[in-house]
Amino acid sequence: MESYDVNRLRADFPALSRKVYNRQLVYLDNTATSQTPRQVVKSIEHSYYNTKANVHRGVHTLSQEMTALQEAARERVRGWVNAPSTDEVIFTRGTTEAINLVAASYGTFFKDGDEIIVSVMEHHANIVPWQLLQNRVNVKLRVIPMDDRGVLDLDAYRNLFNSHTAMVAVAHVSNVLGTVNPVAEMISEAHSHGVPVLVDGAQAVAHQRVDVKALDCDFYAFSSHKMYGPSGVGVLYGKRELLEKMPPYQGGGEMIGNVSFEHTTFAELPFKFEAGTPDFIDIAAFKSAIDYLQPIGMDAIAAHEHELLEYTTSRLLEIPGMRIFGTAPDKDAIISFLIGDAHHYDTGMLLDKLGIAVRTGHHCAEPLMHRLGIEGTVRASFGLYNTIEECDTFIAAVKRVAMMLA
């Protein structure tokens, strides 16, 4: 793409210039976490050296400045996903905590016999929090199956709804297969039954446009560290009418209105769900990450990553014994594979010796691995800074490893 200057972008990411085992690093573990540009790190440094003070609690200048930076980040996040109000944007420690918040707080409305619909391709973070509810109330998980391509069976999904259905919780994009699920259609179906929907958007927000208003989802969860921002910061978007009736997730400072030993009242949204001192430095830097992405444009990023995906997939399939898991027609830039019967760990370890950073294992999706009949995969995932030349290096390395493990 002539207008997409990937080399200019790469210059913003110092980690990409380092060597591993005396080889140029090729970083293909972006689904687990992305690298961070200089602009974001400079934002962190500026806050630590100039405006570090606790937010929403001080009348002095530093506190006021830091509060303004945090709330500017909230507004930027609101605009990024087109949420109607900053009151509906809650900062958490990550996608996992955001989902746990909903399960623990909205889950107080569940009763014995209620059912939660999830898909077979969910990350553990969108399975285990709902199972933890079973310590309090007898809820049941109903699972949407998929075909061998990694496409959810929407007819089966529709048939899962009944009078006991209390929630749908589904990934926007599979972190293993790369499948982009038709969440808008799934949300519409759930709403026709009066059922709210939580979308795990961890793998979507850095790779495509997300509009929570257009999707009409009830909750949407995602993380900063997967979209070139700091680690330890996540977001829960929730519809105001649901958040207002939900009880607080945690108790302590910041989320209170008034406290006595007899009675406590709670703060208004979004602070009702933000107990304690937030990670205000990294929250402020999250704004810098979004500011970095916006001028590049999500359409341009998606097109670039799709080009890498198509090119690499076609070349990998030329390797004898190559098995790629996830062949959905609508797919993000993730390739999960095995070479014949070679163990994923062996493949990943050898690729690391050749300077290639990939992920191996079950990727926190063990039920999906059971469905695929395997223990784990090697996963290569692309980001905005990866290049065709890196793809060629990766392909050559996989060919070499395939020969070694044959």
Subject >> Atom of Phe219, atom of Gly238 and distance for their closest heavy-atom approach >> reply: CD2-CA, 3.8 Å

Original post:
Does any N or O in the side chain of Thr312 come within less than 3.5 Å of the main-chain N or O of Leu309, such that one atom is a donor and the other an acceptor?
Top reply: no

Original post:
Going from CZ on Phe286 to CE on Met227, what distance comes out if it is rounded to the nearest 0.5 angstrom?
Top reply: 4.0 Å

Original post:
Side chains of Tyr21 and Leu354: closer than 4.5 Å at any heavy-atom pair?
Top reply: no

Original post:
Side chains of Val180 and His207: does their closest heavy-atom pair fall under 4.5 Å?
Top reply: no

Original post:
Looking just at side-chain N and O atoms, do Asp291 and Gln39 make a donor-acceptor pair shorter than 3.5 Å?
Top reply: no

Original post:
Got a second to check how far His362's NE2 is from His370's NE2, nearest 0.5 Å?
Top reply: 8.5 Å

Original post:
So do the side chains of Tyr106 and Leu242 get within less than 4.5 Å of each other, counting heavy atoms only?
Top reply: yes

Original post:
Looking only at atom types and distance, does a side-chain atom of Ser381 sit under 3.5 Å from a main-chain N or O of Asn30, one as donor and one as acceptor?
Top reply: yes

**OP:** For the pair Lys287 (side chain) and Gln70 (backbone), establish whether a donor and an acceptor sit closer than 3.5 Å, ignoring hydrogens and angles.
**Re:** no

Original post:
Sub-3.5 Å donor-acceptor pair from the side chain of Asn126 to the main-chain atoms of His123, do we have one?
Top reply: no

Subject >> Validation row: Phe280, Lys52 side chains within 4.5 angstrom (heavy atoms) >> reply: yes

Original post:
For the side chain to side chain contact (heavy atoms under 4.5 Å, CB included) test, which of Thr92, Ile281, Asp282, Val77 pairs with Val233?
Top reply: Asp282

Original post:
Is there a donor-acceptor contact under 3.5 Å from the side chain of Asp153 to the main chain of Asp155?
Top reply: yes

**OP:** Can you establish whether the number of heavy atoms outside His46 located under 6.0 Å from its atom NE2 is more than 12?
**Re:** no

Subject >> Test item: Val199 and Leu215 side chains (from C-beta on) under 4.5 Å apart, heavy atoms >> reply: no

Original post:
Using 30° and 60° as the class limits, which term best fits the ring planes of Tyr4 and His304: parallel, tilted or perpendicular?
Top reply: parallel

Original post:
Are side-chain heavy atoms of Leu152 and Met146 found at a separation under 4.5 Å?
Top reply: yes

**OP:** May I have the step-by-step check of side chain to side chain donor-acceptor pair (under 3.5 Å) for Asp332 and Gln203, ending in yes or no?
**Re:** CA-CA 9 Å; Asp332 265 354; Gln203 300 301 336; over 6 Å; no

**OP:** Assess whether atom CD of Glu241 is packed by more than 12 heavy atoms of other residues, nucleotides or ligands within 6.0 Å.
**Re:** yes

Subject >> Distance in Å, Asp5 CG paired with Arg10 CZ, rounded so as to fall on 0.5 Å steps >> reply: 11.5 Å

**OP:** List the atom of Ala53, the atom of His60, and the distance in Å for their closest heavy-atom pair.
**Re:** CB-CE1, 3.6 Å

Original post:
Above 12 or not: heavy atoms from other molecules or residues under 6.0 Å from CG of Asp112?
Top reply: yes

Subject >> Donor-acceptor side-chain pairing of Thr61 and Gln64 below 3.5 angstrom >> reply: no

**OP:** Salt-bridge test for Arg93 and Asp279: reply yes if a basic N is under 4.0 Å from a carboxylate O, no otherwise.
**Re:** no

Subject >> Test item: Asn386 side-chain N/O and Leu28 main-chain N/O as donor-acceptor pair under 3.5 Å >> reply: no

**OP:** Run the numbers on Arg158 and Glu185 for salt bridge (charged side-chain N to carboxylate O under 4.0 Å, His left out), then give the verdict.
**Re:** CA-CA 11 Å; Arg158 296 183 187 98; Glu185 182 180 350; 2.9 Å; yes

Subject >> Interatomic distance, Asn135 atom CG to Asn138 atom CG [nearest 0.5 angstrom] >> reply: 11.5 Å

**OP:** Inspect the surroundings of CZ in Arg136 and state if more than 12 heavy atoms from other residues, nucleotides or ligands are less than 6.0 Å away.
**Re:** yes

Subject >> Main-chain N/O of His225 paired to Thr33 side chain as donor or acceptor, under 3.5 Å >> reply: yes

Original post:
Is the shortest side-chain N to carboxylate O distance from Lys42 to Glu45 below 4.0 Å?
Top reply: no

**OP:** Starting at CG of Asp341, measure out to NE2 of His343 and round the result to the nearest 0.5 Å.
**Re:** 11.5 Å

**OP:** State whether the side chain of Thr360 and the backbone N or O of His344 hold a donor-acceptor pair below 3.5 Å, judged by distance alone.
**Re:** no

Subject >> Neighbour count above 12 (heavy atom, 6.0 Å) for Met349 CE >> reply: yes

Original post:
Under 4.5 Å between any side-chain heavy atoms of Thr165 and Arg142, yes or no?
Top reply: no

Original post:
With Glu375, which residues qualify under salt bridge (charged side-chain N to carboxylate O under 4.0 Å, His left out), at least two apart?
Top reply: none

**OP:** Could you tell me whether a side-chain N or O of Tyr157 sits under 3.5 Å from a main-chain N or O of Glu189, the two making a donor and an acceptor?
**Re:** no

Original post:
Nearest 0.5 Å, what's the NZ-CD1 distance between Lys399 and Ile339?
Top reply: 12.0 Å

Original post:
If we only count heavy atoms from C-beta on, is the Phe325 to Ile374 side-chain gap below 4.5 Å?
Top reply: yes

Original post:
Can you check side chain to side chain contact (heavy atoms under 4.5 Å, CB included) on His56 and Glu71, steps first, answer last?
Top reply: CA-CA 10 Å; His56 295 294; Glu71 294 311 306; 3.0 Å; yes

**OP:** Give the minimum heavy-atom separation between Ser105 and Met246, together with the two atoms involved.
**Re:** OG-CB, 3.2 Å

Subject >> Heavy atoms of other groups near Tyr345 OH, more than 12 under 6.0 Å >> reply: no

Original post:
Step by step, would you call Arg23 with Asp352 a salt bridge (charged side-chain N to carboxylate O under 4.0 Å, His left out)?
Top reply: CA-CA 10 Å; Arg23 295 176 181 272; Asp352 179 53; over 6 Å; no

Original post:
So, do Phe13 and Tyr27 have ring centers that fall under 6.0 Å from each other?
Top reply: no

Subject >> For the student: nearest non-hydrogen atoms of Leu243 and Asp87, plus distance >> reply: CD1-O, 4.3 Å

Subject >> Nearest heavy-atom neighbours spanning Val183 and Ala171 >> reply: CG1-O, 4.0 Å

Original post:
If you measure only the distance, is there a donor-acceptor pair under 3.5 Å linking the side chains of Asp12 and Tyr292?
Top reply: yes

**OP:** Keeping the roles fixed (side chain from Arg379, backbone from Ile335), state whether a donor-acceptor pair exists under 3.5 Å.
**Re:** no

**OP:** Considering non-hydrogen atoms only, spot the tightest contact between Glu88 and Ala83 and give its length.
**Re:** OE1-C, 4.5 Å

**OP:** Just do the side chain to side chain donor-acceptor pair (under 3.5 Å) check on Thr277 and Asn54 with the steps written out, would you?
**Re:** CA-CA 7 Å; Thr277 298; Asn54 215 326; 3.0 Å; yes

